[in-house]
Amino acid sequence: MGRIIMKWGGGLISDKSSLCTVLPLRIQAMAKICKKIVAMGHELVIVHGAGSFGHIRAKEYRLAEGDIQGLDQSNAINLVRSDMDMLHAHVIEALSPLVVHSHPPRDYVTNTGANFRGDLERFLQPGVHVTFGDVVDCEPPELFGILSGDDLMLRLSNELPDVEYTIFAMGGTPGVMTDFGNEAKLIPKLTADTGFTGIHETDIDVTGGIFLKVERAFEISRNVDHVWFIDGHHPERVMDILQNGETIGTRICDV
Ligand code: IP8
């Protein structure tokens, strides 16, 4: 049974527009499907996003830009980290009674972006592993920054052995859409040649939104056979992928 790297989007597990508002039923539904996956014998790594536990304050205090002279950001760093711990605790609790290893990135990552430094060996111990987008330390001049869960998805998918499925579960969108607005259609298979407009909530998101996700997903698809975006409001679609190799969602293909 292969390894599965799964993202629980911040917009799926929290109400993105309302500070630190968790959506426990969404978390429980994702946890339930994860327990089935583990019972099937798969290795599992979960990366969760930040949603309103990270992006709102990070935006206000410009944490993604690193240290800014004249702006006191230290309280905000601590606050975002403790808010992320709260969201993370909900995720860990929902996964009980599985054996879960928690990996806050501030403990093992330096620098942000796809080339962050961090030892990923810790994800190889038996059991389920959970990590998340976080405020991490950076080399000067930044001193700190925001590491997106999508960069963790990239590195974990491409560097851990035997990864067969990388699945991005998002909140309330069936996959990658052609466009935004009412006319938008689901793109069932996305290759580098498919055009899409997408929407990046720059007013909320301090990381790259759907564009970063899709870019990372393409990089992952060079190494991993099944790379998918699905609607996390329908967690059973994860099972469709594992059992039938297809579902309602967007499959990202290298060619
Ligand atoms: O939601 C962002 O992680 P993402 C992390 O996975 C913070 O992009 C703290 C805003």
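Both counts, for ligands and for their atoms, begin at 1 and track the order of listing. Predicted, not measured: the structure shown is a model, and the values here were computed from it.
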*Say whether Val206, considering both its backbone and side-chain N or O atoms, lies within less than 3.5 Å of an N or O atom on ligand 1.*
no
*Scan side-chain atoms only and decide if Thr247 and Asp240 contain a donor-acceptor pair under the 3.5 Å cut-off.*
yes
For ligand 1, which atoms, with element, lie under 4.0 Å from some heavy atom of [X]?
{"X": "Gly49", "answer": "1 (O), 6 (O)"}
{"X": "Lys7", "answer": "6 (O)"}
{"X": "Ser148", "answer": "3 (O), 4 (P), 6 (O), 8 (O)"}

*Identify whether NZ of Lys or CZ of Arg in Arg3 sits under 6.0 Å from the centre of the six-membered ring of Tyr165 and within 45° of that ring's axis.*
no
*Ala76: partners by side-chain contact (heavy atoms from CB on, under 4.5 Å), with sequence neighbours left out*: Tyr61, Leu63
*Look at the rings of Phe132 and His88 and say which category their plane angle falls in: under 30° parallel, 30 to 60° tilted, over 60° perpendicular.*
tilted
_Over 60° means perpendicular and under 30° means parallel, so tell me whether Phe123 and His103 are parallel, tilted or perpendicular._
tilted
Note the single closest protein heavy atom to [atom], along with its residue, its atom name and the distance in Å.
{"atom": "atom 3 (O) of ligand 1", "result": "Gly133 CA, 3.5 Å"}
{"atom": "atom 10 (C) of ligand 1", "result": "Gly54 C, 3.6 Å"}
{"atom": "atom 8 (O) of ligand 1", "result": "Thr207 OG1, 2.6 Å"}
{"atom": "atom 1 (O) of ligand 1", "result": "His55 NE2, 2.9 Å"}

*So, are Asp137 and Arg106 salt-bridged, with charged N and O less than 4.0 Å apart?*
no
*Can we say Lys213 and Asp151 salt-bridge, meaning some charged N sits less than 4.0 Å from an Asp/Glu carboxylate O?*
no
*Residue part near ligand 1, for Asp134, under 4.0 Å between non-hydrogen atoms*: backbone
